Each structure stands twice: as structure tokens, then as C-alpha cells.
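Input: a single structure, listed below in C-alpha cells.
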Amino acid sequence: MVKLMTPEVRPTTANSAGTFTVSVAPKEGSDAAHQVVASPVIEARDVTICYGGTLAVRSVSLRIPERQVTAIIGPSGCGKSTLLRAINRMNDFIPSMSITGSLLFNGTDVYGAKTDPVELRSRIGMVFQKPNPFPKSIFRNVAWGAKINGYRGHIEELVEKSLRQAALWGEVKDKLHDSAYALSGGQQQRLCIARAIALSPEVLLMDEPCSALDPIATAKIEDLIDQLKSRFTVVLVTHNMQQAARVSDRTAFMYMGELIEYDATDLIFTKPKQQRTQDYITGRFG
Amino acid sequence: MLTVAQRVKERGVHAALLACALVSILTTLGIVWVLLTESLAFFQQVSPWDFYLGTRWAPLLEPRSYGVLPLVCGTFLVAGSALLVAIPVGLATAVFLSEYATPRMRGAAKPVLEVLAGVPTVVYGYFALMFITPHVLRPLLPGTGVFNAASAAIVVGVMIIPTIASLSDDALRAVPRSLREGAYALSTTKFEVSARVTVPAALSGIVAAILLALARAIGETMAVALAAGMTPNLTANPLASIQTMTSYIVQVSLGDTPAGTIEYQTIFAVGLTLFLITLATNLVAQRVMRRFREVYE
């Protein structure tokens with residue numbers, strides 16, 4: 001199902017036309033975000049993803065730093081969600097999907113023969129576009145994943161801790177056994193974040209987490225993302241440029257399956273090097 | 001503006017379509033009418049009390065007795081045991097089709113299920129009588145009769161597997177993909193997702209499928225008439241010969257019982273009872289199904 005190239009035979013086209021790695025010289029007076037990502041948590045090397053005959057992601061190479069928020073922006077259909085879902089192998093469920101190149105998580109190949117996707121997903125959590133709580137109580141939504149993964153500790157404490165980290169505890173502490181469906185959309189999305197962090201992952205992938213939410217709920221999630229980056233590496237896919245500018249440390253701009261530019265967020269939004277980035281962030285297309 | 005000719009044609013089409021629609025409605029009303037009037041004549045001679053609570057069914061032999069419970073018991077013995085066969089196999093098939101099978105496997109497996117549903121029921125009955133009883137049940141359980149409820153239950157079970165599998169598969173596939181993805185993203189295996197998320201979420205649809213299959217098993221005639229025998233028997237022993245409501249109706253219909261006699265009227269009383277049981281099962285199934293549709297709106 002998944003075609004893989006070994007790193008040895010992989011063509012080194014990391015800097016070929018249309019693809020830009022992060023090997024940009026550090027800027028003067030640079031803070032951490034401006035540095036080249038030396039030891040990335042996630043590294044894509046020349047990743048190409050197809051669905052059947054359709055090319056969704058074309059030889060993308062990028063390195064995602066630890067405990068920062070990395071945003072992937074771009075117009076609809078640019079391949080940003082596909083790339084995100086490749087990281088925790090959620091694309092495996094699409095039978096026609098094929099991927100070449102290599103995708104490394106802490107140096108090990110995500111698509112390697114020894115990688116168990118189920119185990120991988122305990123270390124790389126995910127939050128989806130539309131809140132998708134289970135039709136269970138609030139408590140069981142958070143406890144379920146941890147229990148099924150053999151959590152041995154005090155489950156009530158874990159649920160409280162996770163809900164606190166997701167900035168939801170105060171709103172739900174008196175109705176933990178009510179159905180999760182009784183919560184508002186924004187609360188449901190924070191519940192989904194709580195559910196993901198209850199497994200103590202290293203990385204949180206967020207696939208347009210605010211696209212179904214109103215501005216107030218969005219602001220709460222954005223504040224939360226800012227807090228989460230002290231513990232987790234966050235990769236955020238968004239079609240909302242303001243959101244990327246507000247919450248991310250680094251931004252990758254994708255267009256038509258290609259990574260056009262990837263740099264510190266303030267540079268992308270103030271001094272983009274590529275004309276297409278410039279056009280997109282100034283609203284000339286997309 | 002329509003011309004006169006067009007208008008006449010439209011009216012004609014309207015009337016023809018209405019007439020076709022009325023055929024099935026009038027047939028149903030006619031059946032209910034016949035069942036009710038003939039049963040009424042029967043209940044004027046036998047009290048409903050004796051009929052529904054009597055434990056001996058012997059309308060054709062002296063001394064006559066009209067307690068329908070042995071037939072009801074035989075019917076539920078066969079239908080209930082059939083569900084014991086059909087639920088595990090049908091549900092496992094549905095989970096396989098919706099959660100595990102690739103689209104190609106699914107494409108191959110679905111027509112096979114439909115073939116199973118298309119086998120004439122008399123073939124199933126013959127198969128039970130000529131193969132399952134002599135070559136499977138009797139070597140394993142020597143006390144088994146030539147006619148027995150178990151062989152009928154096994155083939156009726158196989159017969160209703162497609163109903164359970166196909167409708168449960170639909171219910172499982174109606175569970176939103178986002179729910180499955182949410183579960184997979186929490187580091188769970190396919191089996192955990194199926195058993196803990198998808199099947200519970202589709203449970204009302206699955207229950208409805210089981211109830212519809214039960215209605216079919218209760219109404220099944222040929223297979224049970226052939227395999228289970230013609231002995232009204234108030235028993236829970238599946239190895240004994242029994243008689244179901246449907247096989248009794250076959251027995252009397254095929255015999256030379258004159259119309260208008262009380263023996264003749266018994267089949268309408270039994271038929272009405274059967275009709276009410278399957279109607280109730282279908283109504284409950286529909287109600288459960290409707291509730292299930294509302295869950296994920």
C-alpha cells in the first residue's frame with residue numbers, strides 16, 4: 001500500500017526547484033525561531049504523496065522544531081492537511097494513498113517497517129477540523145484513550161489534569177458525567193484536545209481546529225495553543241493567516257502541493273522571499 | 001397552458017398510477033379483513049382465553065383442544081435459536097465488511113451474501129432434513145429426532161444472516177468517519193475501534209437489523225415445515241419435533257379440511273396471531289431504526 005524509498009536510494013532533491021528547505025542563514029539578532037532547526041522532532045525529506053493518480057504533496061522537505069508552534073498555511077487543496085495527516089499516518093486509511101521520500105519522527109522513519117502506526121499515534125496526537133467527541137460522557141471521552149492504552153495511574157487525576165491543561169476544567173467540573181454532546185462546539189474542541197493530551201504525546205497535530213468555531217471560541221483555542229507549546233510540539237494547519245501570525249513561531253506556506261517557503265513566522269509575514277508567499281499573505285489569491 | 005388532450009392524458013396517467021398503488025394497499029386490507037372475520041367466527045366458539053393460554057393444541061383430533069401456546073412456543077424456539085446462530089455470524093460479517101475489508105473484498109463479498117438470501121427456502125428445508133439432521137446432529141447428539149427444531153433453527157439462522165449482515169453493515173457505515181478517526185488518533189487498534197466505538201455507535205441500527213431478521217424467522221414457513229416436524233409440543237428442547245404456527249397453517253391448508261368448519265377457522269386465528277407478532281416486531285424495529293438515524297445529526 002505504501003511505497004517507500006530507503007534513505008540510501010532517495011534522490012537528494014531537497015533544494016531542487018520549487019522546494020525550499022529551512023537551511024536559511026540565521027538572521028542577525030535572531031531568537032530561537034530564527035535559527036535553523038538543528039534537531040527537529042519531525043523532519044520531512046523530499047516527501048511526495050499521491051492519492052491514486054493525483055499528486056497531493058510534491059517533494060516537500062521541512063524540519064519541525066521541538067516545543068514550538070509550526071503553522072502550515074496555504075489555500076484549499078494545497079496539500080497542507082495531507083502532509084499533516086502523513087505525520088501520524090492517518091492517511092493509511094485511504095487505500096489509494098502512496099508516499100515516497102522519508103518522514104522522520106525523532107530520527108526514526110514514520111513509514112519504516114518497524115514502526116507500528118498505533119504506537120506512533122500514542123506519541124503524536126491529533127485534533128481534527130470538526131470537533132469529534134465520542135457519544136460518551138465528558139469524563140469517559142478523556143479517560144477512554146488512556147484506559148485502552150493501559151494507563152495504570154489514578155484515572156480521575158489524569159482526567160482532571162488533562163481538562164485543566166485544555167482550559168476546560170472550570171467549565172465542566174460539575175458535569176463530568178454529562179454527555180459530551182451537550183457542550184458547545186468550542187468546548188467540544190477543547191475536550192478533543194484534552195482527550196489527545198491525556199495520552200501525553202510529544203506532538204500535537206491540529207488540522208484547522210478552529211474552522212468550525214466562532215471568534216470567541218477560536219480565541220480560547222489560540223490562547224490554549226500558546227500554553228500547550230511549553231509541553232508539546234504543535235503543528236497547526238490553518239487557512240486563517242491571522243491565526244498563523246498570532247500563534248505560530250514558524251510558518252510554512254504551501255501552494256499546489258509544494259512547499260513554497262518556510263521560515264520564522266514574523267519573517268514570512270513581513271519579509272517573504274517568494275513572490276507567491278507575498279501574493280498570498282497580501283490576499284492577492286487564495 | 002395544457003391542451004385538452006394533454007390534460008386528459010395527465011389525468012389518465014394519474015389514475016393508472018393511483019390504481020397500481022392501491023393494489024397493494026387493498027390487498028393488505030383484504031388480508032386483514034379476512035383474518036379478522038374468520039378469526040371472529042372462530043372466537044365465537046372458542047374463547048380467546050382458552051386459545052391464548054391453553055397449553056394443548058389438538059384441533060384435528062378428539063378430544064379437541066385449542067391452546068395455541070405449543071405453536072407459539074415452537075415458533076419462538078426455532079426463531080430464537082436461529083438468532084443464536086445468525087447474530088454472531090451476521091454481526092462479525094458486518095464488522096468485517098465495514099471495518100476490515102478493502103473495497104475489492106467488499107465488492108466480492110456482498111454479492112455472495114445476496115446469493116445466500118436468494119436461495120429458495122424450500123432448499124434450506126430440504127438441506128436441513130437430508131443433511132444437517134442425519135449427518136451433523138444425529139452423529140453428535142444421538143437422541144435427535146428425524147424432525148427436530150434444531151436443524152430448522154440452524155437453516156433459518158443461515159437464511160437470516162444476510163439480513164443481519166447487510167443492514168448492520170449499513171448501520172456501521174453510517175457511523176461518521178470523524179468518530180473513527182478520533183478513535184484511531186488515540187492510538188487504538190482496528191478491533192478496539194470496532195468493538196468500542198463503531199459497534200456501540202451503530203447499536204440501534206444493529207438491533208433494528210436483528211428485529212427485522214427475527215420477524216423473518218418467525219414468518220419462515222417452508223424450511224421449518226420440512227425440518228421441524230408437525231408435532232405441537234410445549235417444549236424448550238431443540239432436539240424434539242415441534243410445530244410452528246406457520247407449519248400448522250401449511251398442514252391445514254394442504255389437507256382436506258372443509259371451509260367454514262372450526263378446524264378451518266383455526267388457521268385464521270393462528271394467522272392473525274402470527275400477523276400481530278410480526279407486525280409488532282417490525283414496528284419496534286422501525287422505531288429503533290428511526291431513533292438511530294437521529295443520533296448523529
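Within every chain, numbering begins at 1; the chains are lettered A, B, ... in the order of the sequence lines, protein sequences first and strands thereafter. What you see is a predicted model; the values in this text were computed from it and never measured. FYI, side chains are in, hydrogens and waters are out, and symmetry mates aren't considered; it's all heavy atoms of this structure.
Neither the backbone nor the side chain of B/T102 comes within less than 4.5 Å of any heavy atom in chain A. Of the atoms belonging to A/R195, heavy atoms from both backbone and side chain fall under 4.5 Å from chain B. Of the atoms belonging to A/P133, it is backbone heavy atoms, and not side-chain ones, that fall under 4.5 Å from chain B. For A/I148, the parts sitting under 4.5 Å from any heavy atom of chain B are the backbone and the side chain alike.
Heavy-atom neighbours of A/K229 NZ from other residues, nucleotides or ligands within 6.0 Å: above the threshold of 12. Counting heavy atoms of neighbouring residues, nucleotides and ligands inside a 6.0 Å radius, atom OH of A/Y151 exceeds 12 of them. Residue A/K130 places its NZ atom among 12 or fewer non-hydrogen atoms of other residues, nucleotides or ligands, all under 6.0 Å distant. Annotation: B/R106, atom CZ; neighbour count of heavy atoms from other residues, nucleotides and ligands within 6.0 Å is above 12. Heavy-atom contacts from other residues, nucleotides or ligands closer than 6.0 Å to CZ of B/F191 number 12 or fewer.
A salt bridge links B/E181 to A/R85: at least one charged side-chain nitrogen sits closer than 4.0 Å to a carboxylate oxygen.
Put simply, the side chain of A/W144 reaches to within 4.5 Å of the side chain of B/R196, judged on heavy atoms.
Checking side-chain atoms of B/S187 against main-chain N and O of A/V118 turns up a donor-acceptor pair under 3.5 Å. Checking side-chain atoms of A/N132 against main-chain N and O of B/L179 turns up no donor-acceptor pair under 3.5 Å.
Interatomic distance, A/F128 CZ to B/R177 CZ, rounded to the nearest 0.5 Å: 9.0 Å. Within the model, atoms CZ of A/R121 and OG1 of B/T189 stand 10.5 Å from one another, a figure rounded to the nearest 0.5 Å.
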For the pair A/F134 and B/L186, evaluate side-chain contact (heavy atoms from CB on, under 4.5 Å) and give the outcome as yes or no after the intermediate values. CA-CA 12 Å; A/F134 301 122; B/L186 292 174; 3.8 Å; yes
